[in-house]
Amino acid sequence: MEREYVEQIADREDSFSQWYLDVVLRAELADYAPVRGCMVFRPYGYRIWELAQADLDRRFKETGVQNAYFPLLIPESIFKKEAEHIEGFAPEVAWVTHAGQEQLAERYLVRPTSETIIGTMYAKWIQSYRDLPVLINQWCSVMRWERRTVPFLRTTEFLWQEGHTAHRDEADARERTMMMLEVYRAFLEDFLAIPVVPGRKTPNEKFAGAVDTYSVEALMGNGRALQAATSHYLGDGFARVLGIDFLDADGQRKYVHMTSFGLSWRVIGALIMVHGDDRGLVLPPSVAPYQVVIVPIAPEAVRDQVLGEARRLADGLGGVRVHLDDRPEYTPGWKFNEWELRGVPIRLELGPRDLEAGQAVLVRRDDGRRRPVPLAQVAETVQRELAAMQGDLYRRAARFREENTHEAAGVDQLEAILQDRRGFIYAGWCGDGACELAVKERTGATIRCLPLDAPAPSGNCLHCGRPAQHRALFARAY
RNA sequence: CGGGGCGUGGCGCAGUUCGGCAGCGCGCGCGGUUUGGGACCGCGAGGUCGCCGGUUCAAAUCCGGCCGCCCCGACCA
């Protein structure tokens, strides 16, 4: 039999990163811009972001978070106030030094994150414990001058949301930190169909300026880990240097305890790498710009008839994002490949033979199964299959993760697993950062997180052999 | 930032060894025939050969410098 599908993207097994880039470009999610490390987020990709954004934004608002917007530029004097913070970001900060020909009295940095400028405003707004908590999020872009960039995963400028909250005490702030981590977990698993491991970062891996950093970690199709979102308990460090204090009910002046949490367009990269296959993108119905594409097979003699029925079919799919591809210049086969590459969950084929039989042919993107559906039942079947596919994609990704999750008793074993098949690797850890760094040095794997649901540690540290204090999740990471 | 590879019409590439008319496939435009897994025929448009400099009668090709992209490693959402 002849080759059934056209070669247009790199082989996913042989060259995963080339496959990833091919999908990004060929599916028209993004394109390279004439700016170092920057990309253009094209309409099809941006629509995915809008759908994800709308859902996550709704989840934030359900917890009382409001949206606002703060400036792109941050005065150097303000950013420098938190020592650990500036030290962490200094190497990748872009500076604004001139307005026209004139040199500015003070340099501004293009925000790499907004803790300091938002905190500065909180200092003005917060006087009393009655003003707390303050729960604000902003959708914006930030800039970090990374050395090596990859579309969506690591770009010089990227879109994200950053939430910043101020609280009366540590307990309230910590509760918010965990609440937002759970919002991310639910969003990623339920909406993007990406299974994640929630956990706490080690001191080596935490956010510059945070007391504790939590993240949700996902496993990509090539066995590498990706941090999909983070939530930080910042303590009162930022409050102290920025002067965010309030008068408590007991008459004492106190500093607020803060949190911040963020998720970026990196999750678009995760979608590609978790769900994609040899034929390209596979989108969960929840974030698919088109959930259904109708491809009419319309020879000249029956053209009007087929297109008329195709339009009726589209109109009958209320509440579903449907696209009728009636371009005459492309053949049906071309369209099949095109929409599969772009990840549309369901394709409906409608041709003369179907009209005679009073049916359409339904094909699911994830399993490729094709079957005839009577026209009267198409709407109902589409709804059912979209819902089923959402769940199936999650379960498939979860199964892949289970199959690629291992245990390592020592560094040798960890190294062997990484060479052989990568994936998530659990191992005992004594809690010493030196052991963590030694493992990284030798194997390239880092502790992605200390999973929250991990059972009590048993056995010994994989590196030094002392009793394990944690059950750590190791992986090579993006 | 280190190691490797690559920059030639929109995309994928040949040509570079050994200097001598810039080519091929796809795509694009027009006309015609076509439509159940990337249709076919004909005509046509489109290139400062990544950039700057040098050698030469002559440079995509040789020399020097620079820039960009990709892959593999050290830092990050």
Side-chain angles (χ1 to χ4, degrees), chain A residues 1-10 14-18 20-22 25-26 31-37 88-93 112-113 141-162 184 201 204-208 213 215-218 225-232 260-270 279 295-303 306-307 325-341 347 349-355 360-361 363 368 370 372 437 440-441 443-444 446 476-478:
Chain A
M1 187 173 165
E2 288 172 47
R3 191 175 67 205
E4 195 179 359
Y5 305 104
V6 176
E7 300 287 340
Q8 50 198 335
I9 53 178
D14 292 351
S15 44
F16 191 85
S17 54
Q18 188 58 52
Y20 172 81
L21 292 169
D22 287 344
L25 297 172
R26 297 294 303 270
D31 200 358
Y32 292 105
V35 183
R36 201 202 90 96
F89 282 103
E92 50 195 43
V93 160
T113 181
S141 73
V142 291
M143 185 164 271
R144 298 179 188 178
W145 219 268
E146 302 286 353
R147 291 189 196 90
R148 190 180 150 201
T149 59
V150 184
F152 292 115
L153 302 180
R154 198 186 302 103
T155 48
T156 302
E157 183 188 7
F158 58 93
L159 283 179
W160 76 343
Q161 57 71 215
E162 49 177 327
Y184 287 136
K201 289 288 189 181
N204 279 328
E205 296 279 337
K206 76 179 172 64
F207 176 72
T213 288
S215 71
V216 284
E217 300 286 330
L226 185 93
Q227 177 176 304
T230 53
S231 184
H232 315 287
S260 67
F261 46 92
L263 172 144
S264 77
W265 71 15
R266 177 178 253 198
V267 295
I268 306 288
R279 281 143 70 183
V295 177
I297 294 107
E300 195 61 40
V302 290
R303 187 176 161 74
V306 171
L307 289 183
D325 187 356
D326 58 2
R327 292 174 296 177
E329 67 269 28
Y330 292 106
T331 61
W334 193 95
K335 293 174 185 177
F336 296 166
N337 284 289
E338 174 79 356
W339 293 115
E340 282 171 4
L341 171 58
R347 175 173 78 239
E349 303 171 13
L350 189 70
R353 298 206 292 268
D354 299 309
L355 286 195
V361 174
V363 186
R370 36 194 316 142
L437 292 175
K440 179 180 177 181
E441 184 77 20
T443 66
T446 49
R476 289 224 177 103
Y478 270 99

Roughly how many Å is it from [atom1] in [X] to [atom2] in [N], rounded to a whole number?
X	N	atom1	atom2	value
A:Arg476	B:rA74	CZ	P	8 Å
A:Arg327	B:rA39	CZ	P	13 Å
A:Arg347	B:rG36	CZ	C1'	10 Å
A:Tyr330	B:rC26	OH	P	15 Å
A:Asp31	B:rC69	CG	P	13 Å

(request) Taking the side chain as every heavy atom from C-beta outward, state whether A:Ser215 and A:Thr230 have any atom pair closer than 4.5 Å. (result) yes
(request) With the side chain counted from C-beta on, respond yes when A:Arg279 and A:Asn337 share a heavy-atom pair under 4.5 Å apart, and no when they do not. (result)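 In short, these two side chains do not touch, never coming nearer than 4.5 Å.
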(request) Tell me which of A:Thr443 and A:Arg370 sits closer to the 5' end of RNA chain B, going by the nucleotide each one is nearest to. (result)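 Per heavy-atom nearest nucleotide, the more 5' residue is A:Arg370.
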(request) On RNA chain B, check which nucleotide each of A:Glu300 and A:Phe207 is closest to and give me the residue with the more 5' one. (result) A:Glu300
How would you label the contact of [X] with the nucleic acid (heavy atoms, under 4.0 Å): base, sugar-phosphate, or nothing?
X	value
A:Thr155	base
A:Tyr184	nothing
A:Ser215	nothing
A:Pro352	base
A:Gly351	base
A:Val361	base

With respect to the phosphate group of [N], does any side-chain polar atom (N or O) of [X] fall under 4.0 Å of OP1 or OP2?
X	N	answer
A:Lys335	B:rU35	no
A:Tyr32	B:rG68	no
A:Thr230	B:rA77	no
A:Arg148	B:rC76	no

(request) Look at the rings of A:Trp265 and A:Phe152 and say which category their plane angle falls in: under 30° parallel, 30 to 60° tilted, over 60° perpendicular. (result)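 Taking A:Phe152 first and then A:Trp265, their aromatic rings stand perpendicular (interplane angle over 60°).
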Roughly how many Å apart are [M] and [N], using the [atom1] atom of each and rounding to a whole number?
N	M	atom1	value
B:rG5	B:rG44	P	42 Å
B:rC72	B:rC28	P	33 Å
B:rG15	B:rC6	P	12 Å
B:rC71	B:rG25	P	30 Å
B:rG10	B:rG29	C1'	14 Å
B:rU48	B:rG36	C1'	48 Å
B:rC11	B:rG65	P	29 Å
B:rG27	B:rG46	C1'	12 Å

(request) Sugar-phosphate atoms are those with a prime plus P, OP1 and OP2; base atoms are the rest. Using that split, label each nucleotide of nucleotides 3-9 of chain B B, S or - for protein heavy atoms under 4.0 Å, 5' to 3'. (result) -------
(message) I'd like to check, for A:Trp160, whether its ring lies over the base of B:rA77 with centroids under 5.5 Å apart and a plane angle smaller than 30°.
(response) no
(message) Is the terminal nitrogen or CZ of A:Arg347 (NZ for Lys, CZ for Arg) located under 6.0 angstrom from the six-membered ring centre of A:Phe336 and within 45° of that ring's axis?
(response)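 Cation-pi check for A:Arg347 and A:Phe336: passes.
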